[in-house]
**Student:** 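Before anything else, here's the structure in question.
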Amino acid sequence: MHILTFPSNAIQNDLQHPNEYICGATLCFLQKISKDAELLEPLISTCCSCLEHCHPYVRKNAVPAIYTIYREYERLIPNAPELMQTLIPAESDVTCKLSTFVFLAQCAMPKAVEWLISVYDQPTSLDELLQMSIIEVISCGISDALKYEAATTLTTPTQNIAAVKVDHPGSPGHLCSKHGHILDGLIMDILQVLLRKAMSIVLSMTSGRNIEVVLFLKKQLQRIQEREFENAPEYRQLLIQSIHVLVVKFSEIVASIVHAPMEFLGDSNDPSALDVVTFILDVVEKFPHLRPSICDKLTQTLTEIKSGKAFRSVLWILDEYVEGLSDIERTFQEIRKVLGEMPILASEQRLLDDARGEEDKKEDKKVEGSGQPKVLADGTYATETAYTSAGSARLEVVKAASKLPLRTLILGGDFFTGAVLASTLMKLVLWFEDLTDDRPKANALRAEFMLIMTSIIRVGQSKFFTVPIDEDSN
């Protein structure tokens, strides 16, 4: 016993150390020696006091230490469940609260249920990991009816229907007969869950004998395009992902279906557009004979693409896989069209001048120089006139005016898309110069490329850019 006194004193000193890291590391060490009751017994009171430490690092290491000791020697800390029950409502650290709940669920289920009842009306305020632990506890030890009631409690405020997984998935009829009044408000959410499950089953069962399922999915995708309905973006995304999986699996059908998802490149739902781009990237890489038709279709959809991420990917595909002089030249001209009138600065300034009008010019001259002085950010004075105010308003109107998608992205400060555009046009010009003997045409294409790039840089330094180009971008 005397031999154990020295290590016990050393450990106790570390548990009371002012440095929270040393204290926390010592609590971790206690879990390693949890089978030595004689060594642990004099440390119990100090270990329990760590639950009230001001630093969360110490508290979240104290809970597992006490759990380990309690599991091995319950007699050493008989009041451990009561300590945890007191700690969990006051605990602010997410990890510590989760560990405390796990302790109660493993060692004192009635106390865990008691705490769950106390937070019955506030599930959205709980951390996601803690919610999952609650669902697991409900799944393990409560009847089916209570499982469903708990799932409803979690899903009603959060609209997270995935929590219904706590209930038995094979008894929808049983649920409808007993909880029909509750299911009425969740029917669309349940449909989404069942739809994904059904699609997963279909994908796993599709083979060469029933390949016609791909044509069915294609028809569903076209039907969504013709008619919008609630939750259409989610259904569209699911169909695109499923078609992608089947096309890669059955290469013989790719030619008949590859163009259908491309109609949704202009989808305002960014994830759907990106799913289409991922699908196209996979196809053009694995099926070289389809590259010309895919690139041709992509150039036709440039005016419809709204997402910067989708635009960058499409531009990369075009500069990588377009082949042939005529195709390169046509692709360059199509990209040129979606940029709008060149040079950009001159055309935007013309729009601003048109917005002012002759009458406004005369009125501005009359009031110019009049107005109240205004203190600027640097402490200097300036005169704010009707000319200044009216000019700012007109500028905002010009900025907000409807423009072509690529032009809108660039004027909105999407420099990344601008850089990809520069790279794409440069590659197309270089490819064209390598393939042609017509030097005047090659020089004309190069000159147009330089005009586009200098135009973007000039307008980026003007008042028409939402976020002006800095020196690095310049």
**Student:** Compare all side-chain heavy atoms of Ile456 with those of Leu421 and state whether any distance is below 4.5 angstrom.
**Tutor:**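 Ile456 reaches Leu421 side chain to side chain.
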**Student:** I need the Leu315 CG to Leu428 CG distance, nearest 0.5 Å.
**Tutor:**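 With rounding to 0.5 Å, CG (Leu315) is 9.0 Å from CG (Leu428).
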**Student:** Ignoring hydrogens and geometry, is there a side-chain-to-backbone donor-acceptor pair from Ser423 to Ala419 under 3.5 Å?
**Tutor:**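 Not at all, since once roles are kept as given, no pair shorter than 3.5 Å links the two residues.
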**Student:** Hey, can you tell me if Tyr70 and Phe103 have their rings parallel, tilted or perpendicular (30° and 60° cut-offs)?
**Tutor:**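 If you compare the ring of Tyr70 with that of Phe103, the planes turn out tilted.
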**Student:** Please tell me if the side chains of Ser455 and Ile344 come closer than 4.5 Å, counting only heavy atoms from C-beta onward.
**Tutor:**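 A side-chain contact under 4.5 Å exists here.
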**Student:** Nearest 0.5 Å please: distance from the CG atom of Leu51 over to the CE atom of Met84.
**Tutor:**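 Reported to 0.5 Å precision, the distance equals 5.0 Å.
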**Student:** If we only count heavy atoms from C-beta on, is the Val322 to Ile317 side-chain gap below 4.5 Å?
**Tutor:**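 SC-SC contact between Val322 and Ile317 ruled out.
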**Student:** Ignoring hydrogens, what is the shortest heavy-atom contact between Ala62 and Cys47? Give both atom names and the distance.
**Tutor:**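 Scanning both residues, the minimum pair turns out to be CB-O, 4.4 Å.
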**Student:** Look only at the side chain of Lys111 and the backbone of Gln85, and say whether a donor-acceptor pair between them is shorter than 3.5 Å.
**Tutor:**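 No.
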**Student:** To the nearest 0.5 angstrom, please state how far the CD1 atom of Ile69 sits from the CZ atom of Arg75.
**Tutor:**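 Reported value, rounded in 0.5 Å steps: 12.0 Å.
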**Student:** Is it the case that the side chain of Arg59 and the backbone of His53 share a donor-acceptor pair, with hydrogens and angles ignored and the cut-off at 3.5 Å?
**Tutor:**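 Looks like yes, one N/O pair under 3.5 Å.
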**Student:** If you compare all heavy atoms of Pro78 against all heavy atoms of Pro81, which two are closest, and at what distance to 0.1 Å?
**Tutor:**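 So the two residues come closest at O-CD, 3.8 Å.
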**Student:** Taking the side chain as C-beta and beyond, is there a heavy-atom pair between Thr408 and Lys306 under 4.5 Å?
**Tutor:**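 Counting from C-beta outward, Thr408 and Lys306 never come under 4.5 Å.
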**Student:** Measure the shortest side-chain to side-chain distance between Val420 and Asp319 over non-hydrogen atoms and say whether it is less than 4.5 angstrom.
**Tutor:**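 Heavy-atom side-chain distance check fails, nothing below 4.5 Å.
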**Student:** Return yes if some donor-acceptor pair links the side-chain N/O of Asn79 with the main-chain N/O of Glu82 below 3.5 Å, else return no.
**Tutor:**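 The answer is no, because no donor-acceptor pair under 3.5 Å joins these two groups.
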**Student:** Write down the atom of Leu318, the atom of Cys295, and the distance for their closest heavy-atom approach.
**Tutor:**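 Scanning both residues, the minimum pair turns out to be CD2-O, 3.7 Å.
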**Student:** So do the side chains of Glu285 and Leu281 get within less than 4.5 Å of each other, counting heavy atoms only?
**Tutor:**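 No, too far: nothing below the 4.5 Å cut-off.
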**Student:** Inspect the surroundings of CD in Glu41 and state if more than 12 heavy atoms from other residues, nucleotides or ligands are less than 6.0 Å away.
**Tutor:**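 Result for CD/Glu41: open.
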**Student:** For Val284, does its backbone N or O pair with a side-chain atom of Arg291 as donor and acceptor, under 3.5 Å?
**Tutor:**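 Yes, Arg291 side chain to Val284 backbone: donor-acceptor pair under 3.5 Å.
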**Student:** Specify the closest pair of heavy atoms between Cys96 and Val63, including all atoms of both residues, with the distance to one decimal.
**Tutor:**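 Reported closest heavy-atom pair: SG-CG2, 4.0 Å.
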**Student:** For a side-chain contact (heavy atoms from CB on, under 4.5 Å) check, start with the C-alpha distance between Asp127 and Thr95, then their side-chain angles and the critical distance, and finish with the verdict.
**Tutor:** CA-CA 9 Å; Asp127 179 72; Thr95 306; over 6 Å; no
**Student:** After noting the C-alpha distance and the side-chain angles of Leu104 and Met109, does the key distance pass the side-chain contact (heavy atoms from CB on, under 4.5 Å) rule?
**Tutor:** CA-CA 6 Å; Leu104 292 175; Met109 180 61 79; over 6 Å; no
**Student:** Walk me through it: do Tyr67 and Gln31 pass the test side chain to side chain donor-acceptor pair (under 3.5 Å)?
**Tutor:** CA-CA 9 Å; Tyr67 170 73; Gln31 299 178 55; over 6 Å; no
**Student:** Is there a side-chain contact between Trp316 and Phe311, using heavy atoms and a 4.5 Å cut-off?
**Tutor:**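 No, every pair of side-chain atoms sits at 4.5 Å or beyond.
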**Student:** Before accepting this row, confirm whether a basic side-chain N of the pair Asp282/Lys286 lies closer than 4.0 Å to the acidic partner's carboxylate O.
**Tutor:**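 Yes, this pair counts.
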**Student:** Can you tell me how far CZ of Phe279 sits from CG of Leu274, rounded to the nearest 0.5 angstrom?
**Tutor:**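 Going from the CG atom of Leu274 to the CZ atom of Phe279 covers 15.0 Å.
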**Student:** Please round to the nearest 0.5 Å and tell me the distance separating atom SG of Cys50 and atom CD1 of Ile66.
**Tutor:**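 Atom-to-atom, Cys50:SG and Ile66:CD1 are 8.0 Å apart.
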**Student:** Over all heavy atoms of both residues, which pair between Val338 and Leu404 is shortest? Give the atoms and the distance, please.
**Tutor:**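 That closest heavy-atom pairing would be O-CB, 3.3 Å.
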**Student:** Rounded at 0.5 Å granularity, tell me how far CG in Asp93 sits from OH in Tyr57.
**Tutor:**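 So the CG of Asp93 and the OH of Tyr57 are separated by 12.5 Å.
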**Student:** Run Leu425 and Met453 through side-chain contact (heavy atoms from CB on, under 4.5 Å) and show every step you take.
**Tutor:** CA-CA 9 Å; Leu425 295 179; Met453 291 299 100; 4.1 Å; yes
**Student:** Hey, are the side chains of Thr299 and Ile335 touching, using non-hydrogen atoms and a 4.5 Å cut-off?
**Tutor:**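 Result no, sub-4.5 Å side-chain heavy-atom pair not found.
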**Student:** For the pair Thr46 (side chain) and Gln12 (backbone), establish whether a donor and an acceptor sit closer than 3.5 Å, ignoring hydrogens and angles.
**Tutor:**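 No.
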**Student:** Might you work through the side-chain contact (heavy atoms from CB on, under 4.5 Å) test for Leu83 and Cys48, ending with a clear yes or no?
**Tutor:** CA-CA 8 Å; Leu83 291 174; Cys48 291; 3.7 Å; yes
**Student:** So, the side chain of Asn13 versus the backbone of Asn9: is there a donor-acceptor pair under 3.5 Å, distance only?
**Tutor:**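 Pair found, side chain donor or acceptor close to backbone of Asn9.
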**Student:** On a heavy-atom basis, which atom in Leu409 and which in Gly308 lie closest, and how many Å separate them?
**Tutor:**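 Scanning both residues completely, I find the closest heavy atoms to be CD1-CA, 3.9 Å.
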